[in-house]
Participant: 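One structure follows; several queries about it will come next.
The first residue of the sequence shown is numbered 1, and numbering continues consecutively from there.
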Amino acid sequence: MRKKSDLVFFEYNTRFFARMKKNGFFSKFLTSKIFPPVRLQFSVVSVPLPCYTISTSKRGDKMTLESWEKRRELLVRFQSELIQAFPDESDYNVYVFGSFIRRDYKPGVSDIDLIIYCNDFLKRCGIYDFCSQFFKQEQLPCDILEYSYMPEGYIFATGILNAFPMTDYYPKALRDELYIITRNYQRYLERQEIKKKYLRWDYLINKARLEKEREQMHGRHS
């Protein structure tokens, strides 16, 4: 049984990942091994990054968040209070992503980014209010997105595929939707590469034409 004090993260892999990672679609801390996502559970022991583990902590004074350990403690408390407020974990998830779980987090500048996945509208609104209030009390700015499937919703795929999930809920419908989004993103990258290629050729052709015209004008004047 999953311990409430543990955060789990996903390892992913598709044939598109190498290209996506090259183009900055996935964070550099993601380890790609298995697809579809597999929830990896880590006991509360000391392990090297990026295999993060989460230990419990009690609410106290406002924490400074310069170190990953402090941010990890905040996430554990957030997860614990979230599940206390919404104990039925069978129909929702909250994904924490962005710089808050990476090494480029800057206290006082960076915020925390969340994606809420829940098909129950009223419950999703309640989770939104809870998250907003929790981080407001922590004096930490937060950006909260509510998941809605869009074939070109790259931000959702970026966030969820690089996130710490707060529950184990990860339905097949969401996996299928993320797969479609990643396929579309791969095609988008291919189109961009084609555009760059032809733009490059247009530039070279126009450059050669202008140089030829300048040579002809120089020959006339001479």
Side-chain angles (χ1 to χ4, degrees), residues 1-13 17 21 24-34 37-87 89 92-117 127-145 147 155-170:
M1 181 178 179
R2 180 175 62 84
K3 296 180 180 180
K4 301 300 184 183
S5 61
D6 293 343
L7 281 186
V8 293
F9 76 99
F10 298 158
E11 293 186 348
Y12 302 86
N13 183 33
F17 267 36
K21 291 173 72 175
F25 188 61
F26 296 103
S27 72
K28 60 184 178 181
F29 302 109
L30 183 66
T31 304
S32 301
K33 292 182 180 179
I34 303 171
V38 175
R39 297 163 181 78
L40 301 181
Q41 305 225 13
F42 297 97
S43 58
V44 184
V45 294
S46 177
V47 294
L49 295 175
C51 297
Y52 302 123
T53 60
I54 302 301
S55 59
T56 58
S57 66
K58 297 180 180 179
R59 180 182 290 274
D61 296 333
K62 294 294 183 295
M63 297 183 298
T64 57
L65 300 174
E66 288 86 355
S67 66
W68 163 248
E69 287 73 19
K70 294 297 184 182
R71 300 198 300 276
R72 182 176 61 187
E73 291 176 9
L74 179 61
L75 288 182
V76 169
R77 184 152 44 80
F78 170 64
Q79 181 189 46
S80 177
E81 296 188 16
L82 174 69
I83 293 174
Q84 288 179 14
F86 302 92
E89 306 172 42
Y92 79 95
N93 209 334
V94 177
Y95 297 93
V96 181
F97 71 103
S99 62
F100 191 83
I101 60 173
R102 300 196 306 258
R103 300 188 185 191
D104 58 338
Y105 178 80
K106 297 179 181 179
V109 177
S110 302
D111 59 7
I112 185 169
D113 301 296
L114 309 173
I115 294 177
I116 299 173
Y117 180 81
I127 295 172
Y128 184 101
D129 291 339
F130 171 86
C131 296
S132 178
Q133 186 64 27
F134 179 91
F135 290 108
K136 183 178 180 180
Q137 291 177 355
E138 297 297 328
Q139 300 177 5
L140 177 63
C142 66
D143 288 331
I144 305 175
L145 302 177
Y147 178 85
I155 182 61
F156 293 120
T158 304
I160 293 175
L161 295 178
N162 287 279
F164 278 143
M166 296 294 102
T167 75
D168 287 336
Y169 184 61
Y170 190 66

Participant: Are Met166 and Ile83 side-chain neighbours, meaning at least one heavy-atom pair lies under 4.5 Å?
Facilitator: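 No - every pair of side-chain heavy atoms lies 4.5 Å or more apart.
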
Participant: Relative to the ring of Phe78, is the ring of Phe135 parallel (under 30°), tilted (30 to 60°) or perpendicular (over 60°)?
Facilitator: tilted

Participant: Are side-chain heavy atoms of Tyr92 and Leu82 found at a separation under 4.5 Å?
Facilitator: yes

Participant: Do you know which two heavy atoms are closest between Ile144 and Cys131, and how far apart they sit?
Facilitator: CD1-CB, 3.9 Å

Participant: Would you indicate whether the side-chain heavy atoms of Tyr95 and Tyr170 approach each other to under 4.5 Å?
Facilitator: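 When only atoms from C-beta onward are counted, Tyr95 and Tyr170 do touch, with a gap below 4.5 Å.
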
Participant: For the residue pair Leu75 and Ile101, establish whether any side-chain heavy-atom pair is separated by less than 4.5 Å.
Facilitator: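 SC-SC contact between Leu75 and Ile101 confirmed.
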
Participant: Could you tell me which non-hydrogen atom of Ser99 sits nearest to which non-hydrogen atom of Asp111, and how far apart they are?
Facilitator: OG-O, 4.1 Å

Participant: So which atom in Tyr105 and which in Leu140 form the shortest heavy-atom distance, rounded to 0.1 Å?
Facilitator: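 Nearest pair, atom of Tyr105 first, then Leu140: OH-CD1, 3.5 Å.
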
Participant: OG/Ser132 to CD/Gln137 distance, rounded to the nearest 0.5 angstrom?
Facilitator: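 CD of Gln137 is found 10.0 Å from OG of Ser132.
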
Participant: As a test of understanding, state which of Glu73, Glu81, Gln79 forms a side-chain contact (heavy atoms from CB on, under 4.5 Å) with Arg77.
Facilitator: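 Going through Glu73, Glu81, Gln79 one by one, the side-chain contact (heavy atoms from CB on, under 4.5 Å) with Arg77 is satisfied by Glu81 alone.
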
Participant: Return the minimal non-hydrogen interatomic distance between Tyr117 and Tyr147, and the atom names on each side.
Facilitator: CD1-CD2, 3.3 Å

Participant: Is the side chain of Asn93 donor-acceptor paired with the backbone N or O of Tyr169 at a distance under 3.5 Å, no angle test?
Facilitator: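 Yes, because the side chain of Asn93 sits within donor-acceptor range (under 3.5 Å) of the backbone of Tyr169.
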
